Amino acid sequence: MKAWQEIIKPTLVLVIVASLTAALLALTYNLAGVAALQNAGYTNDEVAAFAEEAFPSSGNLELLSYTPAEDDEDIQYVYQAANGGAALILNSKGYDASGITMMVGVTPDGKAAGVKVIKHNETPGIGDKVCADANYQRSVAASINEGAEPDVTAGASKSSKGIINGVRRAVEMYGRLKKEGVVQ
């Protein structure tokens, strides 16, 4: 009986209080939207920095809760732009198997606003030059908007095609998401 009073009862009370506290913290965490931001893998400041190149006229970007279909696994995140259009973060196959992660801004009329390569493991000195070249990325967006075939950089053809295909995919996906009412 003494063991119950001195050891077991206080231990049970502590476990119950700790469990209730953990449940309330988890509920608050999810209601506050912290989980959605951390699951996105990018902070608001990082997204804003990416958007400066990918979609300068976007205004604020709001992360949409979008679950990609099985054949849309390359689309990682979709952000609704305050000024219309959307910014999509996607992964496109380059030379390296891990792909090229990029943000592509798409205007309300379905045109590529710009591209920002966020992460890649392309070959140093070859493919990584294409991934770091903002002028090349802008020219890809402009060519696609004009219906022209973008230039592929000699020596970095797979990396170039990864960026080109990523921009095309984002524009295509935006059209589909707009039709489905996911974005405006």
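Predicted, not measured: the structure shown is a model, and the values here were computed from it.
- L90 and F55 fall into different hydrophobic clusters, where Ile, Leu, Val, Met, Phe, Trp and Tyr are joined by side-chain heavy atoms under 4.5 Å apart, directly or via other members.
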Between V104 and R169, is a side chain to side chain contact (heavy atoms under 4.5 Å, CB included) present by the stated rule, with each step listed? CA-CA 9 Å; V104 179; R169 178 76 170 117; over 6 Å; no
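- Remark: of the listed residues V152, I163, T123, I163 is the sole one forming a side-chain contact (heavy atoms from CB on, under 4.5 Å) with V130.
- A side-chain hydrogen bond (donor to acceptor under 3.5 Å, both in side chains) check over residues 92-110, counting only residues at least two apart or in different chains, returns the pairs N91-T101, D96-S98, S98-N121, T107-D109.
- Of all heavy-atom pairs between A170 and V106, the closest is O-CG2, 4.0 Å.
- Taking all atoms of both residues into account, the shortest heavy-atom contact from I144 to P150 is CG1-CG, 3.8 Å.
- Each of Y79, Y42, Y77 was checked for a ring-ring contact (aromatic ring centres under 6.0 Å, His included) with F50, and the lone residue meeting it is Y42.
- By the 4.5 Å heavy-atom criterion applied to side chains, V47 and L63 are not counted as neighbours.
- No donor-acceptor pair under 3.5 Å is formed between the side chain of D133 and the backbone N or O of K129.
- S160 contributes a side-chain N or O that, together with a main-chain N or O of T153, makes up a donor-acceptor pair within less than 3.5 Å.
- The backbone N or O of K111 sits nowhere less than 3.5 Å from a side-chain atom of N145 that would complete a donor-acceptor pair.
- Nearest heavy atom pair, residue A112 against residue V167, reads CB-CG1, 3.8 Å.
- Applying the side-chain hydrogen bond (donor to acceptor under 3.5 Å, both in side chains) test to residues at least two apart or on different chains, none of the pairs has a partner in residues 9-26.
- Of all heavy-atom pairs spanning A86 and V183, the tightest one is CB-CG1, 4.1 Å.
- Between the side chain of K178 and the main chain of P108, a donor-acceptor pair closer than 3.5 Å is present.
- Rounding to the nearest 0.5 Å places NE2 of H120 at 11.5 Å from CD1 of I118.
- When all heavy atoms of A141 and V115 are compared, the pair lying nearest together is CB-CG2, 4.5 Å.
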Test log, rule side chain to side chain contact (heavy atoms under 4.5 Å, CB included), inputs S139 and D151: CA-CA 8 Å; S139 75; D151 291 334; over 6 Å; no
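- Under a 4.0 Å N-O distance rule, the pair E149/R168 qualifies as a salt bridge.
- Within a 6.0 Å sphere centred on CG of N60, heavy atoms belonging to other residues, nucleotides or ligands number 12 at most.
- Within a 6.0 Å radius of NZ in K158, other residues, nucleotides and ligands contribute 12 heavy atoms or fewer.
- Nearest heavy-atom pair across L61 and A51 is CD1-CB, 3.7 Å.
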